[in-house]
Amino acid sequence: MAPFPAAPTDVTHINDGPRGPELDLEGVQPEDEFFGGCIRTHPEISQKGNPLNYVTPDSKLPPILIAHGDQDDLVPFQQSVLMYDKLKECNQLVEFYKVLSVGHGIYMWTAEMIDIVVRFFEMYLK
């Protein structure tokens, strides 16, 4: 079992969704620092660090739970959609929850979301 927090899944598409203005200062993104160059002009430098590249029909993955706030301006919601779609396409076991009116971070951890996580673990830890 693997709870999947809101995280980048393909940084070459990180700007496809809305992001906070503090994440794009004069064309420099936080992801550029991590990969050591400008991803917009050199997307190839990020490929080894993109989780989507490691999901295949033959991947030996545990069940995955994805939860992402629809108002996240740090990691756009679309990043989780990309991972969910890839996992489904590769016949991997995945559950996906869109947490309404929530941004990035701890605010998504409502009693309902905690119940979902507990149920998920109980289902797969038998």
Side-chain angles (χ1 to χ4, degrees):
M1 291 70 31
F4 186 82
T9 60
D10 184 347
V11 295
T12 61
H13 292 282
I14 196 81
N15 292 309
D16 290 358
R19 296 182 85 185
E22 70 280 2
L23 296 174
D24 188 11
L25 304 172
E26 298 179 26
V28 177
Q29 310 178 139
E31 297 80 18
D32 293 346
E33 298 267 337
F34 181 77
F35 290 104
C38 181
I39 294 168
R40 287 181 180 155
T41 57
H42 299 284
E44 69 280 358
I45 66 174
S46 68
Q47 292 312 299
K48 287 185 179 180
N50 277 337
L52 285 183
N53 293 336
Y54 299 95
V55 177
T56 69
D58 297 326
S59 298
K60 304 287 187 216
L61 299 175
I64 295 176
L65 172 64
I66 301 171
H68 200 137
D70 68 344
Q71 301 299 309
D72 192 333
D73 66 353
L74 181 62
V75 177
F77 180 80
Q78 185 62 22
Q79 288 289 300
S80 286
V81 172
L82 290 171
M83 178 57 81
Y84 175 78
D85 289 347
K86 180 72 179 250
L87 289 162
K88 291 300 280 183
E89 172 188 312
C90 292
N91 297 311
Q92 300 291 335
L93 187 56
V94 59
E95 290 185 28
F96 185 21
Y97 292 91
K98 180 180 192 176
V99 186
L100 300 176
S101 303
V102 174
H104 191 83
I106 63 172
Y107 305 105
M108 68 185 285
W109 293 107
T110 63
E112 179 184 9
M113 195 67 235
I114 291 170
D115 287 344
I116 289 169
V117 171
V118 168
R119 180 201 49 77
F120 181 83
F121 279 119
E122 287 176 345
M123 183 181 308
Y124 297 108
L125 286 177
K126 292 180 182 179

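Positions are given from 1 along the sequence.
Pairing each heavy atom of Lys86 with each of Leu52, the nearest pair is NZ-O, 3.2 Å. For the pair Thr56 and Gln92, the tightest heavy-atom approach, listed with the atom from each and the gap, is O-NE2, 3.1 Å. Contact between Gln47 and Thr12 at its shortest, heavy atoms only, is NE2-CG2, 3.4 Å. When all heavy atoms of Ile64 and Phe120 are compared, the closest pair comes out as C-CZ, 3.6 Å. Taking every heavy atom of both residues into account, Cys90 and Val55 meet most closely at SG-O, 3.8 Å. Minimum interatomic distance between Ala67 and Met113 (heavy atoms only, all atoms of both residues): CB-CE, 3.5 Å.
Of the inter-residue distances, the one linking Lys88 atom NZ with Leu93 atom CG reads 7.5 Å to the nearest 0.5 angstrom. Here Ile66 contributes atom CD1 and Leu82 contributes atom CG; the two are 10.0 Å apart, rounded to the nearest 0.5 Å. Distance check, rounded to the nearest 0.5 Å: NE2 of His13 to CD1 of Ile39 gives 11.5 Å.
When side chains are defined from C-beta on, Glu95 counts as touching Arg119, because their heavy atoms get closer than 4.5 Å. With a 4.5 Å cut-off on side-chain heavy atoms, His68 and Val75 count as touching. Side-chain contact between Asn15 and Arg40: present, with at least one pair of heavy atoms (C-beta onward) separated by less than 4.5 Å. Taking the side chain as every heavy atom from C-beta outward, Glu31 and Ser46 never approach each other to under 4.5 Å. Counting heavy atoms from C-beta on, the side chains of Leu65 and Phe121 never come closer than 4.5 Å. The side-chain heavy atoms of Ser80 and Thr9, taken from C-beta on, include no pair separated by under 4.5 Å. Asn53 is not listed as a side-chain neighbour of Lys48, based on a closest heavy-atom distance of 4.5 Å or more.
Cluster membership for Val118 and Tyr97, using ILVMFWY side-chain heavy atoms within less than 4.5 angstrom, is shared. Clustering ILVMFWY residues whenever any of their side-chain heavy atoms sit less than 4.5 angstrom apart, transitively, puts Ile14 in a cluster other than the one holding Phe34. Met123 is connected to Leu125 through a chain of hydrophobic side-chain contacts under 4.5 Å among Ile, Leu, Val, Met, Phe, Trp and Tyr, so both are in one cluster. Residue Leu61 is not grouped with residue Tyr54 when hydrophobic side chains (ILVMFWY) are merged at heavy-atom distances under 4.5 angstrom, including chains of intermediate members.
Within 6.0 Å of CD on Glu112 lie no more than 12 heavy atoms contributed by other residues, nucleotides or ligands.
A donor-acceptor contact shorter than 3.5 Å links the side chain of Asn50 to the backbone of Val11. With hydrogens and angles ignored, the 3.5 Å screen pairs a side-chain donor or acceptor of Arg19 with a backbone N or O of Leu74.
Using bins of under 30°, 30° to 60° and over 60° for the plane-to-plane angle, the ring pair Phe77/Phe96 lands in the parallel bin.
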